[in-house]
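Right, one structure below, let's go through it.
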Amino acid sequence: MMSNKVCIIVNSCDKYEDAWNPFFFLLKKYWPQCKNYDIFLNTETKKYNCNFLDVQTICSGKETTWCKRLKNSLEKTDSEIVLLFIEDF
């Protein structure tokens with residue numbers, strides 16, 4: 001059974017790692033309440049350590065497509081409501 005929790009999933013890939021820090025910095029700056037939600041960064045193989053938000057990295061593998069990485073991250077959360085973000089939009 002799913003919970004009523006809301007989570008944030010940022011679907012990304014390793015080659016965009018230079019966008020992660022600015023993305024999460026601006027997310028916290030302009031939406032400080034985001035810290036009340038589970039936040040997941042979905043990527044290929046690279047882990048991300050955020051010093052100002054609790055961001056959990058989900059690594060789905062180098063040969064995995066963007067869509068399969070998203071599906072994998074959705075399967076790893078028990079949230080009923082998912083806010084999907086893309087770091088370069």
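When reading the values below, keep in mind they use all heavy atoms of this one structure, side chains included, and skip hydrogens, waters and symmetry mates.
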Determine yes or no for a side-chain-to-main-chain donor-acceptor pair under 3.5 angstrom, with T43 supplying the side chain and C59 the backbone. no

Evaluate side chain to side chain contact (heavy atoms under 4.5 Å, CB included) for K46 paired with C13, printing each intermediate quantity in order. CA-CA 8 Å; K46 294 187 177 184; C13 63; over 6 Å; no

Among I39, D38, L41, which one satisfies side chain to side chain contact (heavy atoms under 4.5 Å, CB included) with I8? I39

Answer yes when K5 and E80 have at least one side-chain N-carboxylate O distance shorter than 4.0 Å, and no when they do not. no

For the atom pair CG (N21) and OH (Y48), what is the distance rounded to the nearest 0.5 Å? 3.5 Å

Got a salt bridge between D54 and K35, using NZ or NE/NH1/NH2 to carboxylate O under 4.0 Å? no

Side-chain donor or acceptor of S73 paired with backbone N/O of L70 under 3.5 Å: yes

Would F25 and W20 count as a close aromatic pair, with their ring centres under 6.0 Å? no

Rounded distance [0.5 Å steps], CG in N11 versus CG in L84: 6.0 Å

Between K76 and N72, is the side chain to side chain contact (heavy atoms under 4.5 Å, CB included) condition met? List the steps. CA-CA 7 Å; K76 292 187 186 256; N72 181 46; 3.3 Å; yes

Go through the side-chain N and O atoms of N42 and S60 and say whether any donor and acceptor fall under 3.5 Å apart. yes

If you count every heavy atom of other residues, nucleotides or ligands that lies below 6.0 Å from E63 atom CD, does the total exceed 12? no

Roughly how far, to the nearest 0.5 Å, is the OH atom of Y16 from the CG atom of D14? 12.0 Å

Can you name the closest pair of heavy atoms from E44 and K15 and give their distance? OE1-N, 4.4 Å

Apply the test side chain to side chain contact (heavy atoms under 4.5 Å, CB included) to residues L83 and F85: give CA-CA distance (whole Å), side-chain angles for both, the deciding distance (0.1 Å), then the verdict. CA-CA 7 Å; L83 300 174; F85 287 88; 4.0 Å; yes

Can you give me the closest heavy-atom contact between C7 and F40, atom names plus distance? CB-CE1, 4.0 Å

Rounding to 0.5 Å, atoms CD1 (I58) and OG (S12) come to a distance of 12.5 Å

Any chance you could lay out the side chain to side chain contact (heavy atoms under 4.5 Å, CB included) test for K71 and L74, step after step, and finish with the verdict? CA-CA 5 Å; K71 183 179 181 216; L74 290 169; 5.5 Å; no

To the nearest 0.5 Å, what is the distance between NZ (K47) and CD (Q56)? 10.0 Å

For the student: nearest non-hydrogen atoms of F24 and L53, plus distance: O-CD1, 3.8 Å

Rounded to the nearest 0.5 Å, how far apart are OG of S79 and CD1 of I9? 7.5 Å

